[in-house]
Amino acid sequence: MDIAILGVGSLGEAVLIGLLESGMPPAQIWATAQPAERAAVLADAYGIEVGTDNASAATEADVVLVAVRPGAVEGVLDEIAPVLEGDAVVVSLAAGVPLRRIAARLPEGVTAVRAMTNVAARAREAATALTAPDGTDLTEIEDLFDRVGVTVTVEEPMMDLITAVGGSGPAFLFYLADAMTTAAVDGGMDPHAARVMVDQMLLGACLHLQSSDRPAAEILDDITTPGGTTAAALDVLNAAAVDDTVKRAVGAAARRGRDLARLTPRPASPARVRGAAPSPRPRRPRRRSPR
């Protein structure tokens, strides 16, 4: 399987690293990034071909991951549509761009998929949600994202909520980690020791939660001794209505995802490419990997 990753920013690089760490050969991955200087850095760092031409990278790709910001998705699709293989799969990693607008810019036979993943793909611990038109066989794409974590399939109306929880969710944890580390340092702890303690505490707590089939609320009750230190901390969090604040934050992120679908600029003359003639641009020599 040949993979093209278009627009390697923070998320695209996380997915790239995860795929390489999973054992995918560098020769099977093609990518783009801007500016050219960053493309060169990525090529040197990961031993893959990285350029700035999206159409060139997508040529003959079996799966194209579009990792650009939401407002740039449709422009990238217009660039690559003429060179896509007839049975290619195009996966948008962008929040808020619906399947209908992705599919409208793809040639007949090319499959449109939306994926919401997160930066934990770097450590092969991402949570990825996939959605596609009814009847789409997602086995190949599920296998691909299983390389960088766990994968679920959902109905498209759930994607905005999943974007808030799964896509933006790591930011909630990083926010907490920063606050706890800062509190430890302010209390006199060595910054390195504070970072090590907080990072390991969060990792261990997450692994404990994952290994249990009990709700988080029950586990929280188990470790909270009445009148103890944990209870004192929870009293402060409850008084500040932190649980309600988190719910409102998730809601705000989900609403923003829906807004992005409306705010994404559309070209004045959308380029419908179904049945379009092949691009006259000569293709580069390229050895295809077995499917």
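The basis for the numbers below is simple: all heavy atoms, side chains too, and nothing from hydrogens, waters or symmetry mates. Residue indices begin at 1 and follow the sequence shown.
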Once you round to the nearest 0.5 Å, how far does [atom1] of [X] lie from [atom2] of [Y]?
X: Ile80; Y: Arg105; atom1: CD1; atom2: CZ; result: 12.0 Å
X: Asp178; Y: Leu173; atom1: CG; atom2: CG; result: 11.5 Å
X: Glu21; Y: Leu16; atom1: CD; atom2: CG; result: 10.0 Å
X: Met1; Y: Leu19; atom1: CE; atom2: CG; result: 9.5 Å
X: Thr111; Y: Leu106; atom1: OG1; atom2: CG; result: 9.0 Å
X: Leu20; Y: Gln28; atom1: CG; atom2: CD; result: 10.5 Å

Does a side-chain heavy-atom distance below 4.5 Å link [X] with [Y]?
X: Val50; Y: Val8; answer: no
X: Thr59; Y: Trp30; answer: no
X: Phe174; Y: Val119; answer: yes
X: Thr136; Y: Ile141; answer: no
X: Val66; Y: Val97; answer: no
X: Val89; Y: Asp62; answer: no
X: Val73; Y: Arg101; answer: no
X: Pro35; Y: Thr52; answer: no

Atom of [X], atom of [Y] and distance for their closest heavy-atom approach:
X: Val64; Y: Ala61; answer: CG2-CB, 3.9 Å
X: Ala31; Y: Ala57; answer: O-CB, 4.2 Å
X: Pro133; Y: Ala112; answer: CD-O, 3.3 Å
X: Gly12; Y: Ala67; answer: CA-CB, 4.1 Å
X: Ala39; Y: Ala33; answer: CB-O, 4.0 Å
X: Leu130; Y: Thr128; answer: CD2-CG2, 4.0 Å

**Request:** Look at Asp244 together with Arg248 and state whether they make a salt bridge at an N to O cut-off of under 4.0 Å.
**Result:**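 Salt bridge flag = yes for Arg248 with Asp244.
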Give the cluster check for [X] versus [Y]: same hydrophobic cluster or not, with ILVMFWY residues linked at side-chain heavy-atom distances below 4.5 Å.
X: Val246; Y: Leu234; value: yes
X: Val15; Y: Val113; value: yes
X: Leu202; Y: Phe172; value: no
X: Met24; Y: Ile17; value: yes
X: Val242; Y: Leu220; value: yes

**Item:** Residue pair Val68, Asn54: steps toward the side chain to side chain contact (heavy atoms under 4.5 Å, CB included) verdict
**Value:** CA-CA 11 Å; Val68 299; Asn54 292 319; 5.8 Å; no
**Message:** According to side chain to side chain donor-acceptor pair (under 3.5 Å), who are the partners of Arg122, at least two apart in sequence or on a separate chain?
**Reply:**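 So Arg122 forms no side chain to side chain donor-acceptor pair (under 3.5 Å) with any residue.
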**Prompt:** Hey, is CE on Met197 packed in by over 12 heavy atoms from elsewhere, all under 6.0 Å?
**Reply:**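 Counting other residues, nucleotides and ligands, CE of Met197 stays at 12 neighbours or fewer.
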**Item:** Arg124, CZ atom: more than 12 neighbouring heavy atoms under 6.0 Å
**Value:**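 Yes, because the 6.0 Å sphere around CZ of Arg124 holds more than 12 heavy atoms from other groups.
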**Prompt:** When Thr117 is tested against each of Val91, Leu11, Leu65 for side-chain contact (heavy atoms from CB on, under 4.5 Å), which residue passes?
**Reply:**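 Going through the options one by one, the only one that passes is Leu11.
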**Request:** Start with the C-alpha gap between Thr230 and Thr225, add the side-chain angles, then the distance that decides, and say whether side chain to side chain contact (heavy atoms under 4.5 Å, CB included) holds.
**Result:** CA-CA 7 Å; Thr230 302; Thr225 302; over 6 Å; no
What donor-acceptor contacts under 3.5 angstrom involve side-chain atoms of residues 154-168, with partners at least two apart or in another chain?
{"unit_1": "Glu156", "atom_1": "OE2", "unit_2": "Leu99", "atom_2": "N", "d": "2.8"}
{"unit_1": "Glu156", "atom_1": "OE2", "unit_2": "Arg114", "atom_2": "NH1", "d": "3.0"}
{"unit_1": "Thr163", "atom_1": "OG1", "unit_2": "Met159", "atom_2": "O", "d": "2.7"}

**Request:** State whether the side chain of Thr32 and the backbone N or O of Gly7 hold a donor-acceptor pair below 3.5 Å, judged by distance alone.
**Result:**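 Looks like yes, one N/O pair under 3.5 Å.
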